[in-house]
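Residue numbers start from 1 in every chain, and the chains themselves are labelled A, B, ... in the order their sequence lines are given, proteins ahead of strands.
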Number of protein chains: 2
Amino acid sequence: MWFRVDPRLATPVYQQVVDGVKEAVAKGLLRYGDRLPSVRELATMMTLNHNTVAKAYQELERERVIEVVRGRGTYVAQPGVVPDREERLEKMAETMRLLWVEAHHLQLSEDEFVKLFQQSMQEWNRERGRDNA
Amino acid sequence: MWFRVDPRLATPVYQQVVDGVKEAVAKGLLRYGDRLPSVRELATMMTLNHNTVAKAYQELERERVIEVVRGRGTYVAQPGVVPDREERLEKMAETMRLLWVEAHHLQLSEDEFVKLFQQSMQEWNRERGRDNA
DNA sequence: TCAGTGTACTAGTACGCATGGTACACTTTG
DNA sequence: CAAAGTGTACCATGCGTACTAGTACACTGA
C-alpha cells in the first residue's frame, strides 16, 4: 500500500487514511482514473473495519479527490474545482501562524524557520521525483 | 485578556488557552516575570472550569513557558533550555509536509505556496510590531 | 443469478474533554 | 496565629467522537 496506519497515534485512523491517499495522489503514485481498493479490501489489508475506511472514502469524495461509482468502485478524480477553497486556505494560514509561534518558542530565528520550511519541501520533492521516475 | 476562547471550535479549550498564552509571550504582550491570573481568576474571566485552566497551565509549565510557585502564583518564565526540542522540530516538519500536500490539492504552485507562507509571517510581524510599540 | 460495489443502519465499547465540587499543602498578609 | 489566596489532587458525571461489529439494501457488471 502507499501508506501506513498506526492506531496508537493521536490522529484518528480514518484521517490517516485520508492523508495517506491525498499524499499518494499528490506524489503521483495514484493518478487520474486509477482504481482504489474496495472498502472491504482495504479494511482487510490494514486490519480495519470497513466502516472506518468508508468514512475516509466519504471525506475524500467530499474533497473531490476520488470519485465513487455505485456498484463499481472508487477512482482517483480528475483535478477540477476545489470545494471550500477559501476556508481551506484560511485554515492553512492559521496553521502557518501557529507554526511560527511554535518556532519562536523553539528559539528559531526567522532564517532558520524559513530554511526548515524549504528543507521540508525539497525533501518531499525528492521523494516525488523518485516515485515518478 | 490577550486571547479568546471558543468552545465551539474543534480544538480543545485547554489547548486554545495554551496557544493563546504562547502567542502572547511570542508577541511580547507577556514578558519574563509577568504574573498570570490565578487558575480560578482566569476560569471566572473566561467562564471556564478551574480544572480546565489548570490543565492548560500544567502544559505550559511542562513546556517551560511559565513557572509555577506553589502558594504564590504563575509567572512567565525566562527563555532557557527547551524541553523535547527534537520531537517538536520533527512535528513541525511533519506539519509542513501535510501543508504542502494540502497546497497541492488546492492547486497552489510552489511559488504561490511560499508566498502565502511569507505573507502569513509578515502579517504576524506587523501585529507584533504594533503590540510592542 | 450472483458476486462485488458503496451505503445505511443499529449496538456497543473506549477514550478524551469539560464541568462541578471538595479537599489539601503551601505562601503571604494581617 | 488566623485568614485568604495560591496550585494541585481527587472523584463523579455528562457529552461527543472514534472505532469495532454485524446486518441489510440498492446498485453494477459478468
Side-chain angles (χ1 to χ4, degrees), chain A residues 1 3-22 25 30 33-77 91 98, chain B residues 1 3-22 25 30 33-77 91 98:
Chain A
M1 200 44 47
F3 58 93
R4 301 184 190 287
V5 156
D6 187 346
R8 294 168 303 179
L9 297 183
T11 58
V13 174
Y14 84 91
Q15 187 63 52
Q16 295 184 43
V17 175
V18 170
D19 293 338
V21 171
K22 285 175 73 173
V25 171
L30 289 174
D34 285 352
R35 188 176 181 280
L36 274 71
S38 75
V39 288
R40 291 174 182 81
E41 271 180 4
L42 191 55
T44 303
M45 280 192 263
M46 320 200 98
T47 59
L48 300 177
N49 191 275
H50 62 265
N51 290 321
T52 303
V53 179
K55 185 172 183 179
Y57 277 18
Q58 283 168 8
E59 171 63 17
L60 285 167
E61 188 192 23
R62 202 189 62 78
E63 296 186 20
R64 305 267 205 286
V65 177
I66 64 178
E67 282 173 346
V68 167
V69 187
R70 304 242 315 175
R72 292 195 50 201
T74 66
Y75 304 84
V76 177
K91 181 166 274 185
L98 289 176
Chain B
M1 198 47 46
F3 58 94
R4 302 184 191 284
V5 156
D6 187 346
R8 294 168 301 180
L9 298 183
T11 58
V13 175
Y14 84 91
Q15 187 65 51
Q16 294 183 43
V17 175
V18 170
D19 293 339
V21 171
K22 285 174 74 174
V25 171
L30 289 173
D34 285 353
R35 186 177 183 282
L36 275 72
S38 76
V39 288
R40 291 174 182 81
E41 271 180 6
L42 190 55
T44 302
M45 279 191 266
M46 320 200 98
T47 59
L48 301 177
N49 190 273
H50 61 266
N51 290 320
T52 303
V53 179
K55 186 172 184 179
Y57 276 20
Q58 283 167 8
E59 171 64 16
L60 287 166
E61 189 193 21
R62 203 190 63 77
E63 296 187 20
R64 306 268 205 286
V65 177
I66 64 178
E67 280 172 346
V68 167
V69 187
R70 304 243 313 178
R72 292 194 52 200
T74 66
Y75 304 84
V76 177
K91 182 167 275 185
L98 288 176

Heavy-atom contacts under 4.0 Å between residues 51-63 of chain A and DNA chain D, which residues?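 Heavy-atom contacts with DNA chain D come from A/Asn51, A/Thr52, A/Lys55.
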For residues 7-19 of chain A, which residues have at least one heavy atom under 4.0 Å from DNA chain C?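 Heavy-atom contacts with DNA chain C come from no residue of residues 7-19 of chain A; none.
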Which ones in residues 35-43 of chain A lie close to DNA chain C, meaning a heavy atom under 4.0 Å from one of its atoms?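 Nucleic-acid contacts, sorted: A/Arg35, A/Ser38, A/Val39, A/Arg40, A/Glu41.
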Could you state the interatomic distance from CG (B/Asp19) to OG1 (B/Thr11), rounded to the nearest 0.5 Å?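 Answer rounded to 0.5 Å: 7.0 Å.
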A/Glu63: which residues meet the salt bridge (charged side-chain N to carboxylate O under 4.0 Å, His left out) condition with it, sequence neighbours left out?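 A/Lys22, A/Arg88.
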Is there any side chain to side chain donor-acceptor pair (under 3.5 Å) pair reaching into residues 35-49 of chain B, and which pairs are they, with sequence neighbours excluded?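 The answer is B/Asn49-B/Asn51.
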What is the first contacted nucleotide of DNA chain D and what is the last, in 5' to 3' order, if contact means an atom lying under 4.0 angstrom from a heavy atom of chain A?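 Contact boundaries, 5' end first: D/dA18 to D/dG29.
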Starting from P on C/dT19, measure out to CE on B/Met46 and report it in whole angstrom.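 About 12 Å, once rounded to whole Å.
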Whole-Å distance separating the CZ atom of A/Arg72 from the P atom of C/dT5: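 Distance check: A/Arg72 CZ to C/dT5 P gives 12 Å.
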Tell me whether A/Glu59 contacts the main-chain N or O of A/Gln15 through its side chain, where contact means a donor paired with an acceptor under 3.5 Å.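 Side chain of A/Glu59 to backbone of A/Gln15, a donor-acceptor pair under 3.5 Å: no, none is there.
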Between [Y] and [X], is there a side-chain heavy-atom distance shorter than 4.5 Å?
X	Y	answer
B/Met46	B/Phe3	yes
A/Leu48	A/Leu42	no
A/Val69	A/Tyr75	yes

Pairwise 5' ranking along DNA chain D for B/Gly73 and A/His50, keeping only the more 5' one: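 Mapping each residue to its closest nucleotide by heavy atoms, the 5'-most match is B/Gly73.
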Assess whether side chain to side chain contact (heavy atoms under 4.5 Å, CB included) is satisfied between A/Tyr57 and A/Val68, documenting all intermediate values. CA-CA 9 Å; A/Tyr57 277 18; A/Val68 167; 5.6 Å; no
Write down the atom of A/Glu67, the atom of A/Ala77, and the distance for their closest heavy-atom approach.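 Answer, listing the atom of A/Glu67 first, then A/Ala77: CG-CB, 3.7 Å.
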By the definition side chain to side chain contact (heavy atoms under 4.5 Å, CB included), identify the one residue from B/Val39, B/Leu36, B/Val13 that meets it with B/Val53.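 With B/Val53 as partner, side chain to side chain contact (heavy atoms under 4.5 Å, CB included) holds for just one option, B/Val39.
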